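First comes the structure, then the notes that go with it.
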Amino acid sequence: MIVDQGLAARIEWAEAEFITACVTALGRGGESTFTEPLAGGMACYAPLDSPFTKVVGVGFAGLPPAGDLDAVEARYAAHGGSASFEISTLADPAVFELLTERGYRLLGFEDVLICDLGAAAASRPGDIAVEVAGDVELWLSIAVESALTPDEIGVAQLDQFSPDVLLSAERAGLDAGAVPYLARVGGRAAGAGSVHLAGEFAQLTGAGTLPAFRRRGVQRELIRRRLHDAERAGARYALVTTQPGSSSQANVRRSGFELAYSRAVLARPV
């Protein structure tokens with residue numbers, strides 16, 4: 001399928017809304033946070049080492065005015081950090097020029113993949129069972145442990161997070177409305193994933209498999225179950241963000257996802 005700028009803008013706004021909800025959840029838990037609109041996107045701050053501390057969704061509603069950028073940068077600086085932008089490659093190219101003129105540097109890319117839920121693959125019977133997680137603490141432990149030992153196939157992640165930060169981020173995602181799914185192999189907990197429904201979109205918001213159960217199809221079954229439930233809930237598209245060339249990307253492509261676009265990650269030294 002072809003993703004045009006209109007669809008990309010809706011995807012990026014859905015991402016911005018979800019991250020905003022996660023940051024808001026962290027704020028309710030006592031963390032120092034802020035969220036601030038910026039040129040059609042959102043500037044979000046959780047603790048500096050949080051995956052939610054970034055500016056998302058910019059580039060589809062005009063360029064950020066210099067004064068607004070100054071203000072956002074000042075807010076990050078007040079917390080001892082600097083702004084980091086994730087910009088779609090379908091955004092207005094002038095936003096890249098603007099940021100590089102202000103001293104931002106390209107750090108890397110991540111890929112956004114999309115699936116038309118009407119064409120999603122059905123689940124297959126086998127020894128891998130996937131269920132909506134009833135035991136949230138078990139789900140959290142599997143999700144965090146899986147994330148701490150990522151597959152090393154493909155481009156490495158730009159950031160590495162501590163167990164406490166990952167745990168806080170996963171809890172915030174659940175508080176923001178993500179639904180947790182647990183995969184079992186022969187009755188043993190083996191993998192975890194989640195999905196967040198946002199209107200026409202089902203956002204696959206995280207997934208991982210314990211090292212002992214990898215290369216057995218756990219992730220593909222987690223994907224299939226979430227896609228099935230999302231379609232039944234009325235979503236039209238499923239979305240997932242992966243590292244380029246990763247095993248996660250291979251799994252979602254085998255399940256019917258296609259590359260929608262990439263996001264460039266830009267940051268300015270503190």
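The residues of the chain are indexed from 1 along the displayed sequence. Keep in mind the model is a prediction, meaning the values are calculated, not measured. Hydrogens, waters and symmetry mates are skipped; everything else that's a heavy atom, side chains included, is used.
Distance check: Leu113 CG to Glu110 CD gives 11.0 Å after rounding to the nearest 0.5 Å. Atom CD of Glu86 and atom CD of Glu12 lie 8.5 Å apart (nearest 0.5 Å). Considering CG of Asp68 and CD of Glu36, their distance stands at 7.5 Å, rounded to 0.5 Å. Note that the CD1 atom of Ile142 and the CD atom of Glu170 stand 12.0 Å from one another [nearest 0.5 Å]. Rounding to the nearest 0.5 angstrom, the gap separating the SG atom in Cys22 from the CG atom in Asp175 is 8.5 Å. Taken to the nearest 0.5 Å, the OG1 atom of Thr35 stands 11.5 Å off from the CD atom of Glu17.
Evaluation of the side-chain contact (heavy atoms from CB on, under 4.5 Å) rule for Glu97 yields Glu101 as partners, not counting sequence neighbours. Under the side chain to side chain donor-acceptor pair (under 3.5 Å) criterion, Glu73 pairs with Arg102, Tyr104, Arg268, sequence neighbours left out.
Of the possible donor and acceptor atoms, none in the side chain of Asp92 sits under 3.5 Å from a partner among the backbone N and O of Val95. Using a distance-only test at 3.5 Å, with no hydrogens or angles considered, a donor-acceptor pair links the side chain of Thr20 to the main chain of Ala16. Under the 3.5 Å distance criterion, the side-chain polar atoms of Tyr76 are left unmatched by any main-chain donor or acceptor of Thr53. The closest donor-acceptor contact from the side chain of Ser246 to the backbone of Thr242 lies at 3.5 Å or more, if one exists at all. Using modelled atom types, one side-chain atom of Gln203 and one backbone atom of Ala14 make a donor-acceptor pair closer than 3.5 Å. Side-chain atoms of Ser141 come within 3.5 Å of backbone N or O of Leu138 as a donor-acceptor pair. With Trp139 contributing its side chain and Tyr181 its backbone, the two residues share a donor-acceptor pair below 3.5 Å. One N or O on the side chain of Gln5 and one on the backbone of Leu90 form a donor-acceptor pair closer than 3.5 Å.
Taking 4.5 Å as the limit, every side-chain heavy atom of Arg263 sits out of range of all side-chain heavy atoms of Ile87. Inter-residue side-chain proximity for Cys115 and Tyr237 is flagged as unmet; no heavy-atom pair is nearer than 4.5 Å. Within the 4.5 Å cutoff, the side chain of Lys54 has no heavy atoms near those of the Cys44 side chain. Contact of the Val72 side chain with the Leu69 side chain is not registered, since no non-hydrogen atoms from C-beta on lie closer than 4.5 Å. Contact check for Leu239 versus Leu204: no side-chain heavy atoms found under the 4.5 Å cut-off. When side chains are defined from C-beta on, Leu106 does not count as touching Val265, because their heavy atoms never get closer than 4.5 Å. A 4.5 Å side-chain heavy-atom check between Glu258 and Ile2 finds every atom pair outside the cut-off. Using a 4.5 Å cut-off on side-chain heavy atoms (C-beta onward), Leu174 and Pro180 make contact.
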Quiz item: Would Arg253 and Leu259 satisfy side chain to side chain contact (heavy atoms under 4.5 Å, CB included), going step by step from the backbone distance to the final call?
Solution: CA-CA 8 Å; Arg253 288 182 68 90; Leu259 180 66; 4.3 Å; yes

Quiz item: side chain to side chain contact (heavy atoms under 4.5 Å, CB included) between Ile19 and Met42: does it pass, once the steps are laid out?
Solution: CA-CA 9 Å; Ile19 292 173; Met42 293 294 296; over 6 Å; no

Practice problem: Just do the side chain to side chain contact (heavy atoms under 4.5 Å, CB included) check on Thr33 and Thr24 with the steps written out, would you? | Solution: CA-CA 7 Å; Thr33 65; Thr24 300; over 6 Å; no

Quiz item: Can you check side chain to side chain contact (heavy atoms under 4.5 Å, CB included) on Arg184 and Glu131, steps first, answer last?
Solution: CA-CA 8 Å; Arg184 297 181 185 271; Glu131 64 200 32; 3.3 Å; yes

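Note on Leu227: it clusters hydrophobically with Val132, by side-chain heavy-atom contacts below 4.5 Å among ILVMFWY residues. Leu38 and Leu98 fall within a single hydrophobic cluster, where Ile, Leu, Val, Met, Phe, Trp and Tyr are joined by side-chain heavy atoms under 4.5 Å apart, directly or via other members. Cluster annotation: Val58 and Phe52 are assigned to distinct hydrophobic clusters (Ile/Leu/Val/Met/Phe/Trp/Tyr, side-chain heavy-atom contacts under 4.5 Å, transitive). No single ILVMFWY cluster, assembled from side-chain heavy atoms under 4.5 Å apart, contains both Val3 and Phe257. The cluster map of Ile, Leu, Val, Met, Phe, Trp and Tyr, joined by side-chain heavy atoms under 4.5 Å apart, puts Val195 and Phe201 in different clusters.
His79 approaches Ser32 most closely through the heavy-atom pair CE1-OG, 3.3 Å. For Val55 against Ala83, the heavy-atom pair with the smallest separation is CG2-CB, 4.4 Å. Between Ala176 and Ala21, the closest heavy-atom pair is CB-CB, 3.7 Å. Scanning both residues, Gly40 and Ala61, for their nearest heavy atoms gives CA-CB, 3.9 Å. Closest non-hydrogen pair, Ala39 versus Gly62, comes out as CB-O, 3.8 Å. Taking all atoms of both residues into account, the shortest heavy-atom contact from Phe96 to Ser88 is CZ-O, 3.6 Å.
Considering Arg225, Arg224, Arg226 in turn, Arg226 is the only one that fulfils the side chain to side chain contact (heavy atoms under 4.5 Å, CB included) rule with Leu222.
For the residue pair Gln243/Asp111, the side-chain donor-acceptor check at 3.5 Å is not satisfied. Side-chain N/O atoms of Ser194 and Thr205 include a donor and acceptor closer than 3.5 Å. Donor-acceptor pairing under 3.5 Å is recorded for the side chains of Thr209 and Gln219.
Annotation: cation-pi pair Arg75/Phe34 present, NZ/CZ under 6.0 Å from the ring centroid and within 45° of its normal.
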